[in-house]
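Structure record follows, encoded as structure tokens.
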Amino acid sequence: MKKLPLKIMVAEDEPKTGVYLKQGLTEAGFVVDLVTNGADAFQQAVNEPYGLLVLDVMMPDMDGWQVLENVRAAGRQTPTLFLTARDRVEDRVKGLELGADDYLIKPFAFSELLARVKSLLRRGNGTAFQPTLIIEDLQLDLIKRRAARGGRRIDLTAKEFMLLELLLRHCGEVLSKSFIASKVWGIDFDSDTNIIEVAIRRLRAKIDDDFPIKLIHTVRGMGYLIDEPGSR
């Protein structure tokens, strides 16, 4: 399964927020550049082939509105998402009139940001972002957060969805228990817990048990992977 990483610029002057956004988007499969002021944001936005700009409004040197205004004046139509603590209607209207594509008010849940990012990329450049991960007859819709196999809807919990997405994004790769624990649960793996085995067993029951072709595999002493039949 071919993966097409897409490049995103995040312009955020608050250090912790910037690092948090970069880490989250990177783990979601994107290539992320982080800048901390408006001047650098403008220079990179007009000189790099970004698929999306994520701009904080309040930044030193040049605010997000000025950055976007100058980017549009330079002829760049890169999809743009504003992040701001300013929730007045007139502020949102100003951003949209300058050419922003979406507007997210702080504080926000990262899951909402990720959904907005994927939606914008699907609208703005459908060939770059894969809204659905597919292997054999299994489909995972990242926008609607739905899974189906053989045309049949499969109900997954939030963690099961995250686990399946992780396996599919690393299709053909053996993922260790520690890697899975850090990415899905955000914890260091404890060898005394069977949380990973239980989660894999439950996911396998939903994804594989009722189908002749098994996709989720255990590699003893190493971890787990999802792979196409005959490729191992």
Side-chain angles (χ1 to χ4, degrees), residues 1-8 23-32 51-52 54 79 81 101-102 104 108-177 179-186 195-219 222-232:
M1 181 172 57
K2 187 178 180 181
K3 295 185 289 186
L4 299 171
L6 188 140
K7 198 172 185 181
I8 295 175
Q23 180 180 346
L25 290 170
T26 299
E27 290 177 357
F30 301 106
V31 175
V32 183
L52 179 71
V54 179
L81 170 66
D101 298 275
D102 204 350
L104 192 56
F108 53 82
F110 181 77
S111 58
E112 181 180 4
L113 170 71
L114 187 58
R116 301 280 189 101
V117 165
K118 291 176 178 179
S119 178
L120 287 176
L121 293 175
R122 183 174 61 170
R123 282 158 34 192
N125 190 352
T127 59
F129 171 65
Q130 293 176 297
T132 305
L133 300 178
I134 301 173
I135 180 172
E136 284 292 316
D137 57 347
L138 172 65
Q139 297 187 352
L140 192 69
D141 189 321
L142 302 181
I143 302 299
K144 296 180 179 179
R145 310 296 287 180
R146 293 177 181 174
R149 185 161 187 193
R152 189 178 77 189
R153 174 81 174 269
I154 298 173
D155 293 323
L156 300 175
T157 66
K159 291 300 184 185
E160 288 169 348
F161 189 96
M162 292 174 65
L163 176 56
L164 182 56
E165 181 180 356
L166 182 68
L167 290 169
L168 284 169
R169 286 192 179 280
H170 294 269
C171 184
E173 301 176 29
V174 179
L175 305 185
S176 68
K177 292 179 181 179
F179 181 80
I180 293 172
S182 66
K183 296 300 182 183
V184 178
W185 282 269
I195 186 174
I196 308 300
E197 290 93 334
V198 171
I200 288 289
R201 184 164 62 246
R202 289 176 176 171
L203 183 62
R204 186 178 273 143
K206 294 181 178 183
I207 297 300
D208 277 344
D209 281 5
D210 293 338
F211 299 90
I213 297 176
K214 310 305 178 185
L215 299 175
I216 300 175
H217 307 281
T218 300
V219 181
M222 296 179 65
Y224 305 94
L225 83 158
I226 195 167
D227 209 351
E228 297 174 352
S231 60
R232 297 179 65 221

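Please read these numbers as outputs of a predicted model, since none were measured by experiment.
- The salt bridge (charged side-chain N to carboxylate O under 4.0 Å, His left out) test applied to K206 returns E160, not counting sequence neighbours.
- The shortest side-chain heavy-atom distance between R146 and Q139 does not fall under the 4.5 Å cut-off.
- Summarising the geometry, atom CG belonging to L215 is positioned 8.0 Å from atom CD1 belonging to I207; distances are rounded to the nearest 0.5 Å.
- Contacts of D209 classified as side chain to side chain contact (heavy atoms under 4.5 Å, CB included), with partners at least two apart in sequence or in another chain: R204, A205.
- The salt bridge (charged side-chain N to carboxylate O under 4.0 Å, His left out) search around E112 returns R116, not counting sequence neighbours.
- The side chain to side chain donor-acceptor pair (under 3.5 Å) check on S176 picks up S178, with sequence neighbours excluded.
- The nearest pair of heavy atoms linking G51 to P79 is O-CD, 3.5 Å.
- Taking E165 as the reference, K118, L133, L140, L142, R145, F161, R169 meet the side chain to side chain contact (heavy atoms under 4.5 Å, CB included) condition, with sequence neighbours excluded.
- In this structure, the side chain to side chain donor-acceptor pair (under 3.5 Å) partners of R152, at least two apart in sequence or on a different chain, are D210.
- Partner of H217 under the side-chain contact (heavy atoms from CB on, under 4.5 Å) criterion, chosen from D208, V174, L225: L225.
- With sequence neighbours excluded, the residues that form a side chain to side chain contact (heavy atoms under 4.5 Å, CB included) with F110 are Y20, L21, L25, L113, L114.
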Query raised in the report: How far apart are the C-alpha atoms of I226 and L164, what are their side-chain angles, what is the distance that settles it, and do they pass the side-chain contact (heavy atoms from CB on, under 4.5 Å) test?
Result: CA-CA 9 Å; I226 195 167; L164 182 56; 4.0 Å; yes
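- Proximity of F30 to V117: side-chain heavy atoms (C-beta onward) are separated by under 4.5 Å at one or more points.
- Side-chain contact between L203 and L156 is present, with heavy atoms from C-beta onward closer than 4.5 Å.
- Of the charged side-chain nitrogens involved, none lies within less than 4.0 Å of a carboxylate oxygen, so that R149 and E136 do not count as a salt-bridged pair.
- At least one side-chain heavy atom of I196 sits less than 4.5 Å from a side-chain heavy atom of Y224.
- Interatomic distance, CG of L168 versus CG of L138, reported as 5.5 Å (0.5 Å rounding).
- Scanning for ring pair (Phe, Tyr, Trp, His ring centres under 6.0 Å) contacts around F108 gives an empty result, with sequence neighbours left out.
- Distance check: I134 CD1 to C171 SG gives 11.5 Å after rounding to the nearest 0.5 Å.
- By the side chain to side chain contact (heavy atoms under 4.5 Å, CB included) test, E27 is found to be paired with Q23, K183, residues two or more places apart in sequence or in another chain being considered.
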